[in-house]
Structure formats: structure tokens, C-alpha cells
Protein chains: 4
Amino acid sequence: MSQSPPADLPDAATAPPSAPAPRQRRKQARPHELLAAALTLFGEKGFAATRIEEVAALAGVSKGTLYLYYPSKEALLKAVIREHLGQLLDAGENLVATFDGPTSQLLSVLLHTWWDRVGNTPASAIHKIMLSEARNFPEIAAFYNDEVTRPAQRLLASCLQRGIDRGEFRALPVQPTAMNLLAPVIFLMLHKHSFGACSQSQQIVDPAAVIATQIDLVLHGLLLQGDSATTPVAPPAS
Amino acid sequence: MSQSPPADLPDAATAPPSAPAPRQRRKQARPHELLAAALTLFGEKGFAATRIEEVAALAGVSKGTLYLYYPSKEALLKAVIREHLGQLLDAGENLVATFDGPTSQLLSVLLHTWWDRVGNTPASAIHKIMLSEARNFPEIAAFYNDEVTRPAQRLLASCLQRGIDRGEFRALPVQPTAMNLLAPVIFLMLHKHSFGACSQSQQIVDPAAVIATQIDLVLHGLLLQGDSATTPVAPPAS
Amino acid sequence: MSQSPPADLPDAATAPPSAPAPRQRRKQARPHELLAAALTLFGEKGFAATRIEEVAALAGVSKGTLYLYYPSKEALLKAVIREHLGQLLDAGENLVATFDGPTSQLLSVLLHTWWDRVGNTPASAIHKIMLSEARNFPEIAAFYNDEVTRPAQRLLASCLQRGIDRGEFRALPVQPTAMNLLAPVIFLMLHKHSFGACSQSQQIVDPAAVIATQIDLVLHGLLLQGDSATTPVAPPAS
Amino acid sequence: MSQSPPADLPDAATAPPSAPAPRQRRKQARPHELLAAALTLFGEKGFAATRIEEVAALAGVSKGTLYLYYPSKEALLKAVIREHLGQLLDAGENLVATFDGPTSQLLSVLLHTWWDRVGNTPASAIHKIMLSEARNFPEIAAFYNDEVTRPAQRLLASCLQRGIDRGEFRALPVQPTAMNLLAPVIFLMLHKHSFGACSQSQQIVDPAAVIATQIDLVLHGLLLQGDSATTPVAPPAS
DNA sequence: CATGAATGAGACTTCATTCAT
DNA sequence: TATGAATGAAGTCTCATTCAT
């Protein structure tokens, strides 16, 4: 898809003379094209099973060219992750800070926005890659924890706290609750790049429905109103 | 070294048939030992990054011996998955059928039991392996869908339907809701074999707390009782 | 030459049963065969210009087999050098200690022996290899200095000192004189593996003649007897 | 960056022809700068282990520019050798022809001069390069033999013959004796570019002392005057 | 049954060489 | 001229698989 062949050279020619020559433009664009190709393939086949040459070919260059930009396969992986780290959270960062309505609505907007801007995007492959390779690249895993996981949890936790502070939410423990909010969202992302990509399972998971249901579910719960006598529920003796 | 001649076979023959001689027992146990070793390593390092020789070594045999039992690395992977497929669900299969109390409690018992018997078990690595390799081995993915994903969804869906039918639960759409129930449970399993195995992130996720909170959350929701005016929540225009 | 094909299997079959099986015998012989092949090719084409596969082929095995014995090309080089280090000196080590005749004769025997046992042997390629690669592998160079160069110098120096002490030789400075004795010997070795291997230059250098002349030269000098008035000779002002 | 337009060419044109403009001078100097850089690096790391780009960088130009002057790496090597071939001998060529004193002194002046003008010079790396690459590039080796080795031998041989003819020297065979005179000189050169460049071995070899001792040694020999009874020395039976 | 030596296809990486600018 | 981005052949090294013992 992003093979953008030499066909764009004419376009370049119409650019004002102060614009860089096509060769220059390519040089600038190369890293992103390579990272996009790598993201796609690492997400599809996994890091180990992806050949450098495939990445290069998908980016429309030769093997050697890739090495002009990234000194090793591992460096390429790191660059892919670094490139997309911000995007996983940027969308929601200041939404929480500026939002003014009821927290339930904030939560809803947050999750839907996230799916639109991230989950439904190639960047969503990052989580699958991380999951598969975390143990092979502990530094990257730590990096990811610091830059993505923890901030995401903090974002959701602050949102929950807001609801509790404003008297909208019950005072559930925010950390585990945040995890429960995050989990379906991550699940969708992972599913999209694994089973979801295998044709026959599309009907099993419908992202929009899952998210919409999640909002309803976590806000109102399963139980009918007034049926508060059901619990407490204790874990079974193992 | 293994020059112990066939002379010990007669000895073995004198042993009672219910307690096979060590050599026999070994021969019988080999496949399971190999599959256990493969499960561990495939889960830790991924399929492609695991060497056949490592699997053999972890099972205490030589490379050649592994090939006496499984004709290829891919066959080994398939055997690993097949070996553990049942275990992922067996625990809960007839619990639903025989359970007699309130559905909220059934749900709780189901999830806790599952974590005790599966999530907290080496078999939990299966899901990580599947996730990473689904697209590389579509037949395996289909197999997994048929044998695990769909039954699991059916199980949870039937449980939800039971609650609705009995007037305990609100009539949420069962498929997406089932997904939302499943997601945190899968999330915990995956986390355990990826980030969770990288030392510093243990505090971030506490499986027991997450599950307990999930039960509470999905049963009662976040909203304070009577605060039913908050919704409806519509997804934002993207 | 050392390709020793499977033709030696029959020979192995005639060996007493306590002898290792052919496969075992090969396993034991492999390292030496590989080192011999490597010595030959490194000497011929240089380290960098020799391909691992060529070494393996010359030893009669495949690329992969070489890596069962030596983990890298550099390790192979080090092993080659280590394998032949002793041989460069062993010949003369105790000759000096036990020799009983005039020192001039000791010197003569020493140099001729050395050429027979080392200079005229594949091991002589070691010095060419070292010379070419010393700066690329400083540890190896230091190793070589410690194990070969210094001992050789010490051997010659002690021989010279013996002559001086016994009143046979003039009291020339032993270190530089030792170098002058060593130089033609090393020169012959190097020549043999470089220009000497290029057909047309065989007549230029005749090892036996060079060594014989060297003995005569360093013992009696060029000057006619009684012509001691010629010197002193001062270096020219540069 | 190099956008300085052709406008400066007229400026260059106004410069006196004996002092070419910087650009012109540069253009003329390029080949020599490139050859000097190549000599240095080929001598340091060997031909195969030196990258074209390193040579270009050391000469202060880009890879592409080097190819404007030399069509291939091999051509560069040949040019390096050709460039320095004369220098190895020029110094002594007519010294022999014009020298008027005793031959012992001529010999001394010859060797010391040679060390000052060649051995102690970057050109000395040539011999190391040739030694390493002779067998990979037979034509170059032949070239070297014709242009350097044989003339050098002829030079020394004629010098020896002069001494014999004038009744100064004993009538040793001139060819092998010439080799023995040459060997320490070559040894010093080679050492300087291999082991000598590895820090700890500087004390082992002191060029000036080696040469001074050589003169003394080859002129007077080791034996005390009158000790002519020592020989004949026969090579040992191998 | 079990072993582990041997193989060779295939992956990563380097670098001499080309060529559009 | 000069540049340096791009190429792809070639080299090092890995590892799934085979097979003689």
C-alpha cells in the first residue's frame, strides 16, 4: 500500500524550487516508510519470523538501504516501538484534563476515541509485538512499561478518581478497576492482529459492539436495580 | 554411557503391570515431558526464537530423540496446543450445567476457578503462543477458535443468558458482554507471560485483585445506585 | 591433500574393537584437519580473503561442521595460531641446553634444524599470518610475542652469550645481533609463503644457500682477514 | 553545500599559472592524497579489511570521488604500489655508481640511507602489503619482483662484487649474501608495520641498533680473529 | 530407542560499485 | 567534479533436520 512508487516523482517536480529534490524527499521519507513496513510485518508475522528483506521490499527499497537507516534488526524493532509510543496515548492525554461533563461520558468518549485513533490504526500492532517480544527484549519492555502501560493506567485511574471524587462513581479500588477498563480495549487490539486476521473469526468479535457494551456494563453492571442482595461473592476454595 | 544392555528388560518384565519399569515409564512420559518443555519455551521466547535443541535439553533428552516423537518443529507446536486445549475449558464445562445458586455467584466461581486451574498454570502460555503465531499457522488458529474461543464464549454466553432468563441480569447483548467478561481474564494470562515476567512490573497488575474487582464491577457497575440519569452515552463523532 | 576421504573407513574396520568407531575417530581428528586447512588457506590468501566455507571444504566437511568446533572465524584463527605456536620453537629448545661443541656449530645446527623442522613446514605460514593480522588482533599479537618472538630471541641471545662467555665470539650486543640472526630465517619463511609461491621467483631465493651463507657470513664476516682498518663506519647525516 | 557556482573559475584563471588556484591544486593533489591514505590503511589493516570508504574519508573526500580516480579497489592497490615502487630504490641507485670509498663504508651508507629514506617512511608499508597480497595478485607480485626485488638484489650484489673485486671482501656467493644483507632491513620494515605497532613490543626491536649491529656483524663476523679453525659446519642430517 | 555429528538452506549484515543529483 | 543514497552479491553464522552408530 505505501509502496509509493517512482510515480510520485512528477508530483515532486511540481513543487516549488525551494522544496527538496525528489532524492532528498525520499531520504527524509525513508525512515517512516521503513518503520511503517516493519510495523506491518512484525505485527503480522512476529519479529523473528519477519525477514529484513521483506521489510525492505514492502518499503520499496533494497535490503542494503534499510541498513543505511537502522544498523540492525533489533534497532529497527526499537525504532518501530519508539515511533509509535506516543500515539498510543496522545489522543486521550488532555481530554481528561479539559473535559467538563459527567465522568461516565468522559469514560465513554475516552474509549471510543482511543479505538478510533489508535485501536483501529496500524499502531495497534505495537501491543502484539511487545507482548510477543517483551521477554526477549527486557529493556524494550521496561521502556514500554514506562512510556505506555503506566501512563495509560494513570490516565484511567485519574478518570476513575474524578468520578469518585465528584460522587458519580462507587469507590472501587482504582488500580484494578483501571485494569478492567483497559483489558477489553487491549484485547480488541490484540485480537485484531491475531485471530481477527484469520478470516472466519470476524463475526466472533465486533469491536464497536464490545466497546459500547463495555461502557454500559461497567457503568450499570449486570444486576437489575435493587438486586443488591446477591453478593458478597467469595472466591471458591481452590 | 547408556550401555546398560537389554539385560534389564527381563527385570522390568517381572514388575507388576500397573507399575511399569522406569524405562517404560520414561518412554510413556516422554511426549508429555517434551510438550511441557516446549510449552515453557514457546511461551517464554516465542516459537521462532526457540530452538529445538533447547526444548530437548529442557526435557532431558537429545535433539534426535525429540524427532522420534514429533516429525517437525511445527508438529511439535501443534501437539503442544492440542495437549492443552481441553484444559483451558474443562474446569468450567459442567460447572454451569450443575450449578444451582444465583448466576452472579456462578460467574464469580467460574472466573476464580478458571484462574486457579488454568490462568495460574503453565497452560496459560498457550494463549500467548496462539496470539503470536495465529497468523503464521492459520489452521492452528482455526483449530483454536473451534476448540477454545468459541466454546469459551458459548460457556460465558450461556451463563449470561441464564442470569437474564432467571431475571437476575439486565438483558445486555450476550456476545459482546461475554467478550468483556473474557477480556480481563485473557489479559491477565497474557500479561503473566510477557510484561509480568519482566521484574519491575509485578506491582502494576495483581491478578487476584483484578478478578475480584471485575466481579464487583460487572455485577454492580460503577455508577452509584439511582444515578441512572447519566446515560445514554453516545460514541463521539470521529 | 589431507582430504582423507571415506576411503579410510575400511582401515578403521580392521582396527581392534577397542579402537573408537570411525565416526568417533573422525570427531577426534576433525579439529586438527580443520586447523591444518585453515593454516593452509590463511597462509595462502590471508585471513580476511579466506572464506570459512573454503576451509571446511579443504578439510572435507561442510560449513556447519566447522562451527561445531570453532564458534567463529576469529576463534579459528586463534586456534590455528595456538596449535602451531609450540612447534615454532620446540625443535631448538633443549638443543642449546645439551649441546656440547663449539658455539659456532651450535648456531649452525640451530638454524639448519629450524629450517628443516619448521621453516620447511606448513607451520611456517603462521608468521605470515601473524604479520598480516597482528594489528587487527592485538591480543593475538601479544600472545605471539610472549610465546614465540621473545622466547626465540632469548634462545638466540643465550646462544650468543654462550659464545661470548666461552671466548669464541666477539662481545657484540646480544639483542640486536640475535635479531640479525633471526631476520634471514624469518625472511625465508615469509618469502616462501608470498613471492616464493609465485612461480618465477624461485631462482631468486634459495633457502639452503641463504642459510649456509648466513652461517659463514655471521661467523667470519665479509672482510678479509687483517683488513680490520676499514671501519669505523658512521651512519650518514640524514 | 558545494553550491559554490562556476563563478570562481574566472578568479582561478587570473591566478599565475605557476600557483594554481586551490581548487586546481586540489584536483592535482587528489590522486596522491588518495594513494597516501590507501597506503596507510592497507598497511594498517590489510587490503581486504580496508574499506574503500575509509580510504576516501582519510583522504577527505567521498566514496564516489575515489572512483573518479581509480576504477576499482584493486586498481587502487596497484596504483599505491606503482606510486611507491621507485622510492624503495631511488635513494641508493646512483650511490653505488658514484661512491668512491671503501666498499664496507658504501655498504654502511647504503643501509643507513635506505632506512632513513625508506624504512622510516610510510612507503615501508608497501612491503607488508605486497607480502600479504602477493599470492592474491600474482601480476602485482611479478611487477614487484621486476621493479623492486630484483633491482634491490642487483644493487646489493653489485656492491658485494665491488668489494670482492677490489680485494676487500671474501669471495662469498653474492646472491645469497645479498639476501642476508637485505633480510634484516626488510624484517625491520615489516616489524614496524605489524608487531612494532602493537605497543608492548617496542623495546624488543630497535631499528638503529639492529642496522648498526648488522654492519659490524656482516663485516667482521662473530668469531674472534684467528679463530678460523671452528668450521666447516655441516647441516645436520634431518 | 537414543544419540549427537553432520548437513545445508536461509538469515543477518557488509561493502564494492553505480548513478541521479 | 563531487556527492552519498542505493544496490545486491557475497560472506558469516544459525539451526531444523537427517542418519550412522
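All values derive from a computational prediction rather than experimental measurement. By convention in this document, chain letters (A, B, ...) are assigned in the order of the sequence lines, proteins followed by strands, and residues within each chain are numbered from 1.
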Next on the checklist: By nearest heavy atom, map Thr50(A) and Gly64(C) onto DNA chain E; which one lands nearer the 5' end?
Outcome noted: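 Comparing both residues, the 5'-ward one is Gly64(C).
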
Next on the checklist: Using heavy-atom distances to pick each residue's nearest nucleotide on DNA chain E, tell me which of Pro71(D) and Pro71(A) is more 5'.
Outcome noted: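 Between the two, 5'-proximity favours Pro71(A).
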
Choosing from [options], which nucleotide comes nearest the side chain of [X]?
{"X": "Arg51(B)", "options": "dT18(E), dG11(F), dC15(F)", "value": "dC15(F)"}
{"X": "Leu68(B)", "options": "dT7(F), dT7(E), dA2(E)", "value": "dA2(E)"}
{"X": "Tyr69(C)", "options": "dT3(E), dA5(E), dA6(F)", "value": "dA5(E)"}
{"X": "Ser72(B)", "options": "dT17(F), dA16(E), dT14(F)", "value": "dT17(F)"}

Starting at atom [atom1] of [X], determine the distance to atom [atom2] of [N], rounded to an integer number of angstrom.
{"X": "Glu53(A)", "N": "dC12(E)", "atom1": "CD", "atom2": "P", "result": "9 Å"}
{"X": "Leu66(A)", "N": "dA5(F)", "atom1": "CG", "atom2": "P", "result": "15 Å"}
{"X": "Glu33(C)", "N": "dA6(E)", "atom1": "CD", "atom2": "C1'", "result": "14 Å"}
{"X": "Tyr67(B)", "N": "dA20(F)", "atom1": "OH", "atom2": "P", "result": "17 Å"}
{"X": "Tyr70(B)", "N": "dC1(E)", "atom1": "OH", "atom2": "P", "result": "13 Å"}
{"X": "Leu76(D)", "N": "dT17(E)", "atom1": "CG", "atom2": "C1'", "result": "14 Å"}
{"X": "Glu54(D)", "N": "dT14(E)", "atom1": "CD", "atom2": "C1'", "result": "12 Å"}
{"X": "Ile52(B)", "N": "dT7(E)", "atom1": "CD1", "atom2": "C1'", "result": "16 Å"}

Heavy atoms only: give me the nearest [X]-[Y] pair and the separation to one decimal.
{"X": "Ala38(B)", "Y": "Val80(B)", "result": "CB-CG2, 3.5 Å"}
{"X": "Lys73(A)", "Y": "Phe47(A)", "result": "NZ-O, 3.0 Å"}
{"X": "Leu66(D)", "Y": "Leu76(D)", "result": "CD1-CD2, 4.2 Å"}
{"X": "Ala79(D)", "Y": "Tyr70(D)", "result": "CB-CE2, 3.5 Å"}

Item to check | Assigned partner base of dT18(E), Watson-Crick or wobble definition, under 3.5 Å | outcome: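 The answer is dA5(F), by the H-bond criterion.
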
Next on the checklist: Return whichever of Ala48(C) or Ser62(A) has its heavy-atom-nearest nucleotide of DNA chain F closer to the 5' end.
Outcome noted: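 The residue whose closest nucleotide sits nearer the 5' end is Ser62(A).
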
Item to check | Residue met sooner reading DNA chain F from 5', once Lys73(C) and Lys73(B) are mapped to nucleotides | outcome: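 Checking each residue's closest nucleotide, the 5'-ward one belongs to Lys73(C).
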
Checklist entry - Does CD in Glu74(D) sit with more than 12 non-hydrogen atoms of other residues, nucleotides or ligands closer than 6.0 Å? => result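 Yes, the 6.0 Å shell around CD holds more than 12 heavy atoms from other groups.
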
Checklist entry - Side-chain donor or acceptor of Lys63(A) under 3.5 Å from a matching atom on the base of dT13(E)? => result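 Such a pair is found, so the answer is yes.
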
Item to check | Any Thr65(B) side-chain N or O less than 4.0 Å from OP1/OP2 of dA2(E) | outcome: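 Result: no.
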
Checklist entry - Do any side-chain nitrogens or oxygens of Arg30(B) fall under 4.0 Å of OP1 or OP2 in dC1(E)? => result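 For dC1(E), neither OP1 nor OP2 has a side-chain N or O of Arg30(B) closer than 4.0 Å.
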
